[in-house]
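Below you'll find the structure, written out as structure tokens, and then a few comments.
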There are 2 protein chains.
Amino acid sequence: MEFDDKVPIYYQIKTVIYDRIIAGELAPGDKLPAVRQLAVSLTVNVNTVQRALREMIAEGVVISQRGRGNFVTDDPQIIERLRERLITQYLKQLYDQLHRLRISDEQMIDELTAYIEGQGDSNDNNAKN
Amino acid sequence: MEFDDKVPIYYQIKTVIYDRIIAGELAPGDKLPAVRQLAVSLTVNVNTVQRALREMIAEGVVISQRGRGNFVTDDPQIIERLRERLITQYLKQLYDQLHRLRISDEQMIDELTAYIEGQGDSNDNNAKN
DNA sequence: TCATGTGTACTAGCTTTCTATTACACTATA
DNA sequence: TATAGTGTAATAGAAAGCTAGTACACATGA
């Protein structure tokens, strides 16, 4: 997998896994791939995966069971809170960014609407910078 | 100034200055603060400021004049292109993030609208993570 | 009990980013 | 011409992140 070299890899791994959980690809109680397996599929060192997991465990989203594996928490409330936290975080980020450019609240909606209509559901991945 | 420790400082400085240019606080042709002055006001080393400037100069947004200072380009077209690039970049970022969470195009607009109505034009700066 | 799959810990070395410091080049002006 | 303001370059060291490799702890099942 390709990472943004402006953000620590371990942090991006955390984001990827959280995204999968919220998207429902990883359901509550599901077993995560083994750390060594994750390391291979992400083309990354085991220690880096471990660091991402450490934070997810600390946040209560992932439960670690030595010798058995890592599991998504089976508490739907925790996942729901995570979902809201992420969405708010993303929205705030955009709001602050555009606000700094002196773009008004109404314009923000218009810009986003225009962007969506332009890009539509085409899932492109160009224009990184 | 406080920086996000997940992103290189020189990169955040670039963002801050670009924002000021787009916001109009720094007009085309304006002289930037001296590098040593910027370093002090940003609580950062001169080299770090210099690195940010180097990239802005390479992108043609800032013009450097040895012995005189650094200036915002006087070409409005370059600034307009920068503005569009930044806005698109920010929008794409949000779109991709929410898309990964399986949030539909319509929901995105609704969520942003709700966020704006909630936060309004109150310029808070809490909830960073 | 033993082999295998799994999580965890630790050390050493590399790279990037940032800092501190010193030095030099150019401009403007008193 | 001297001085102050400015940009630029270069070195050395600290800190964070990543990798590679090794080792150990625990669980499961043949």
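All of these numbers come straight from a predicted model, not from anything done at the bench. In what follows, every heavy atom counts, from backbone to side chain, and hydrogens, waters and symmetry copies are set aside. Labels below follow one simple rule: chain letters A, B, ... track the order of the sequence lines, proteins then strands, and each chain is numbered from 1.
Atom CD1 in B:Ile87 sits 6.0 Å away from atom CG in A:Leu101 (nearest 0.5 Å).
Of the candidates A:Leu26, A:Thr73, A:Leu86, A:Asp30, A:Leu26 is the only one forming a side-chain contact (heavy atoms from CB on, under 4.5 Å) with A:Ile21.
Put simply, CG on B:Asp5 is 10 Å from P on D:dA16, counting in whole angstrom units. In this structure, B:Ile63 atom CD1 and D:dG7 atom P are separated by 14 Å, rounded to whole Å. Distance CG (B:Leu38) to P (D:dT6): 11 Å, rounded to an integer number of Å. In this structure, A:Glu55 places its CD atom 14 Å from P of D:dA16, rounding to the nearest Å. As rounded to whole Å, 15 Å separates atom C1' of D:dA10 from atom CZ of B:Arg51. The interatomic distance linking A:Asp4 (CG) with D:dC18 (P) rounds to 12 Å, in whole Å.
Between B:Thr43 and A:Leu53, it is A:Leu53 whose nearest contact on DNA chain C lies nearer the 5' terminus. When the nearest nucleotides of DNA chain D are assigned to B:Ala34 and A:Val7 by heavy-atom distance, the more 5′-ward of the two goes with B:Ala34. Between A:Tyr10 and B:Arg54, the residue anchored nearer the 5' end of DNA chain D, judged by the nucleotide with its closest heavy atom, is B:Arg54.
One side chain, A:Gln107 or A:Ser104, offers a donor N or O that lies under 3.5 Å from an acceptor on the other. With 3.5 Å as the limit, one finds a donor-acceptor pair spanning the side chains of B:Gln97 and A:Gln93.
Counting only distance, with no hydrogens or angles, the side chain of A:Thr88 and the backbone of A:Glu84 share a donor-acceptor pair below 3.5 Å.
Taking the 5' to 3' direction, DNA chain C first and last meets chain A under 4.0 angstrom from a heavy atom at C:dG5 to C:dC10.
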Legend entry - Nucleotide-resolved protein contact map, nucleotides 20-30 of chain D, B/S/- at heavy-atom distance under 4.0 Å: BB-B-BBSS--

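Salt bridge annotation for A:Arg100-A:Asp96: absent, with no cationic side-chain nitrogen under 4.0 angstrom from a carboxylate oxygen. In summary, A:Arg85 and A:Glu59 engage in a salt bridge, as defined by a charged side-chain N under 4.0 Å from a carboxylate O.
In the hydrophobic cluster analysis, where Ile, Leu, Val, Met, Phe, Trp and Tyr join through side-chain heavy atoms closer than 4.5 angstrom, A:Val16 is grouped together with A:Leu82. A single hydrophobic cluster is not seen to contain both B:Phe71 and B:Ile22; linkage of ILVMFWY side chains at heavy-atom distances under 4.5 Å, directly or through other members, places them apart.
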